[in-house]
A.B. asks: 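Let me give you the structure first, and then I'll get to my questions.
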Amino acid sequence: MVAGATFFPAVASTHRWGISLETASPYGWTAFLIPIGGGNVITMLFDEPLASASTAASDGDVVLFGSYFNATGFAAAAGFTVSAASTLTCWKRFRHGLASASNVRIQYLGYYERGSAVLVAPANGTSQCAVDPINTLEAPLPIQVASVGNPATNTGYCGYLNRHRWCSVSGRANGQTLNDATSGLYWIYLAGLWLSWDSSNPSI
Amino acid sequence: MAVQTSFTTPSSAPEAIYNLITALCLAGWTIPAWTDGTTYHDAAINPGVGPWPKTTNPYAGFGSAVSELGRNNAWFRITSPDGPGSREWMFQRATLDSTWTVARSRTGFSGTVAGTAPTDAITGQTMLSAAVLFPAIALTHRWVISLETSSPYGWFAFLIPIGGGYIYTVMFDEPLSAASISPLDTDPVVSGIVANVAVTPLGVMWSHASSTLLKVWKRNRHGMSGANNSRISTMMFVDPAATGAATSTAAAAPAQAVASGYQVGCDPVSQTEFPLPIVMTTTGIPSSATGYGGICNRLRFCSVAGRNNGQTLYDATNSLYWIFAGGMWVPWDSSQPNV
């Protein structure tokens, strides 16, 4: 994923290193680096299983793994993009244990409104899903993952993620949190992505 | 949860609506009032001809005789099994078999005039007003209905030529999943219609505030200040690398542009398509009137291109089928209908 290359900037007490981990099977974790006080997301590393309801029962490796480093980093405005050519690289192992097994770069599918021809999640500027008009709360949207293209026997649909969600309301700042009143837990914002967090509200 | 289906070949548009009434009643919907255009019936007028509300189809037929549905201005109300005040639809035949008024109300319609459609000025939404709903369908089309028989219910009906082809009529009542909505939303249901517009198999069943093919409404903030009925959009899925100018032909779901290669594709292990959940929202800057709705409880987007209207997809986990309609997968039962 990274071969003898720069993965961190100088971080001598100048950055927050945030890590969110799931402690029950199928586990999973995401780590990110952000300057103290806020700013761009500089480094990311994650291991995120796909929701079991969305994967083939015979898929022997239902986990995504990704990494990112850039000296400038991801700005808050929906910089988090996962595609075959994105600066954040994310792979899935397809057909593990079967013929034609391979590790392939995958895509996090965005939400698109055909009528206005805009990508609305991850939210970007005026292009956004907006909030529930009753409780004025944002609903972090499930992220579908696939290797998009014509049907193939070695790549294709992967599943959806539970711990990574798309932000659907513009104007969030990296490190900002969103409370889930149902669970009492927070989400933490990373350049268009909501990452599952605990009941604490970290001071970036 | 259980899916109930109805698969018929109607001789006329009134027979299609007649069959819809029968199917809805079997799924638990009830009829508090109905007319044949000249005679009005409800619990007050006909207390001895019970039970009220009607739990079975009250019409004697779908022709133009007395007490039949195929008469000018005949109308009926039909109420969700969740009870009076949960939601209600109203259908009125206009002056041709093909022309209808279709409306939906959160709290229920009022009116006792046999030839005049009942109204609900507060929560009602007219979806079609005395306009063409059906093409000519004299034994040439299948009328396909999928219904959920447990709360929060919901149904989807579409018309397709025998042997397959374009769909011209679609109607649905689709609850949003409980996990996806605000607990305070007392009307978490969207209502949709396609009225005599060609629905090709190419993933065209998407809605937007001004879409002309599929029109979908949601009642926002029912029972609160600023309550309103608004058009709502279906959120499609795209490859983020294809956003911008290329996006309009690059929607990965509903899969449509076979030549472009933009489709999600099957799971490469099981070689099975995964029908993708449909998020409903009114996009734009956050407001206190409209916005995020929720995720459809029953409908899904197709993620593999090349499907035909009426084609089925087997769900091995539940031993049920999905049936394809213009880019959407509609839940079906364990039978495989021969379109």
Side-chain angles (χ1 to χ4, degrees), chain A residues 54-60 81-86 94-96 98 100 107-122 126-139 141-142 144 146-160 168-170 182, chain B residues 180-185 206-211 220-221 224 226 233-243 247-248 250-253 258 261-274 276-277 279 281-295 303-305 317:
Chain A
S54 68
T55 61
S58 51
D59 188 341
T81 300
V82 180
S83 70
S86 59
F94 285 98
R95 295 181 58 80
H96 176 67
L98 306 173
S100 305
Q107 288 108 44
Y108 277 27
L109 300 183
Y111 286 71
Y112 175 73
E113 185 178 46
R114 181 70 178 272
S116 55
V118 292
L119 187 72
V120 293
T126 57
S127 302
Q128 50 188 302
C129 291
V131 296
D132 184 309
I134 294 177
N135 56 19
T136 66
L137 294 178
E138 174 184 346
L141 298 178
Q144 301 286 345
S147 177
V148 170
N150 288 324
T153 56
N154 57 344
T155 64
Y157 180 72
C158 300
Y160 60 81
S168 58
V169 173
S170 294
T182 304
Chain B
S180 71
I181 60 170
S182 162
L184 298 176
D185 189 346
W206 53 268
S207 71
H208 175 248
S210 56
S211 55
N220 296 303
R221 296 181 57 82
M224 303 177 178
S233 303
T234 51
M235 295 294 97
M236 302 162 75
F237 294 97
V238 294
D239 172 1
T243 55
T247 315
S248 61
V258 179
Y262 283 109
Q263 52 185 299
V264 172
C266 297
D267 181 300
V269 175
S270 63
Q271 290 297 309
T272 301
E273 174 183 347
F274 185 85
L276 300 178
V279 169
T281 191
T282 301
T283 62
I285 295 170
S287 85
S288 58
T290 64
Y292 175 75
I295 300 175
S303 57
V304 172
T317 303

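Just so it is clear: chains get the letters A, B, ... in the order the sequence lines come, proteins before strands, and each one is counted from 1. Atom set for the values below is all heavy atoms of this structure, side chains included, hydrogens, waters and symmetry mates excluded.
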A.B. asks: Between B/Met235 and chain A, with a heavy-atom cut-off of 4.5 Å, which part of the residue counts as in contact: side chain, backbone, both or neither?
C.D. replies: both
A.B. asks: Against chain B, label A/Ser86 side chain, backbone, both or neither, depending on which of its atoms sit under 4.5 Å from a heavy atom there.
C.D. replies: neither
A.B. asks: Go through A/Thr182, A/Thr55, A/Leu141 and name the one with the most non-hydrogen pairs under 4.5 angstrom from chain B.
C.D. replies: A/Leu141
A.B. asks: Show the nearest heavy-atom pair for residues B/Tyr292 and A/Ala130, with the distance to one decimal.
C.D. replies: CB-O, 3.7 Å
A.B. asks: For B/Ser287, is it the side chain, the backbone, both, or neither that has a heavy atom closer than 4.5 Å to a heavy atom of chain A?
C.D. replies: backbone
A.B. asks: Counting only heavy atoms closer than 4.5 Å, note whether B/Thr282 contacts chain A via side chain, backbone, both or neither.
C.D. replies: backbone
A.B. asks: Quick one: what part of A/Tyr108 sits under 4.5 Å from any heavy atom of chain B, side chain, backbone, both or neither?
C.D. replies: backbone
A.B. asks: By a 4.5 Å heavy-atom criterion (distance strictly below it), what part of A/Asp132 contacts chain B: side chain, backbone, both, or neither?
C.D. replies: both
A.B. asks: Take atom CG of A/Leu98 as the centre, draw a 6.0 Å sphere, and report whether it contains more than 12 heavy atoms from other residues, nucleotides or ligands.
C.D. replies: yes
A.B. asks: Run the numbers on A/Tyr111 and B/Phe237 for side chain to side chain contact (heavy atoms under 4.5 Å, CB included), then give the verdict.
C.D. replies: CA-CA 5 Å; A/Tyr111 286 71; B/Phe237 294 97; 3.6 Å; yes
A.B. asks: Taking every non-hydrogen pair under 4.5 Å, which of A/Cys158, A/Cys129, A/Gly60 racks up the most with chain B?
C.D. replies: A/Cys129
A.B. asks: Please classify the contact between B/Ser210 and chain A as side chain, backbone, both or neither, with a heavy-atom cut-off of under 4.5 Å.
C.D. replies: neither
A.B. asks: Hey, which of A/Val118, A/Val82, A/Asn135, A/Thr155 has the most heavy atom pairs under 4.5 Å with chain B?
C.D. replies: A/Thr155
A.B. asks: Measure distances from A/Val120 to the heavy atoms of chain B and classify the residue's part below 4.5 Å as side chain, backbone, both or neither.
C.D. replies: side chain
A.B. asks: By a 4.5 Å heavy-atom criterion (distance strictly below it), what part of B/Ser207 contacts chain A: side chain, backbone, both, or neither?
C.D. replies: neither
A.B. asks: Heavy-atom cut-off 4.5 Å, strictly under: side chain, backbone, both or neither for B/Asn220 against chain A?
C.D. replies: side chain
A.B. asks: When heavy-atom pairs shorter than 4.5 Å are enumerated against chain B, which of A/Gly110, A/Ala57, A/Ser54 gives the highest number?
C.D. replies: A/Gly110
A.B. asks: What option among A/Thr81, A/Thr153, A/Thr136 has the most heavy-atom pairs under 4.5 Å with chain B?
C.D. replies: A/Thr153
A.B. asks: Does any backbone or side-chain atom of B/Val264 lie under 4.5 Å from a heavy atom of chain A? Answer side chain, backbone, both or neither.
C.D. replies: both
A.B. asks: For B/Gly265 and B/Val304, which heavy atoms make the closest approach, and how far apart are they?
C.D. replies: C-CG2, 3.7 Å
A.B. asks: Under a 4.5 Å heavy-atom cut-off, does chain B meet the side chain of A/Ala152, its backbone, both or neither?
C.D. replies: backbone
A.B. asks: CG of B/Asp185 to CE of B/Met224: how many Å apart, nearest 0.5 Å?
C.D. replies: 7.5 Å
A.B. asks: Which residues pass the ring-ring contact (aromatic ring centres under 6.0 Å, His included) test with A/Phe94, not counting sequence neighbours?
C.D. replies: none
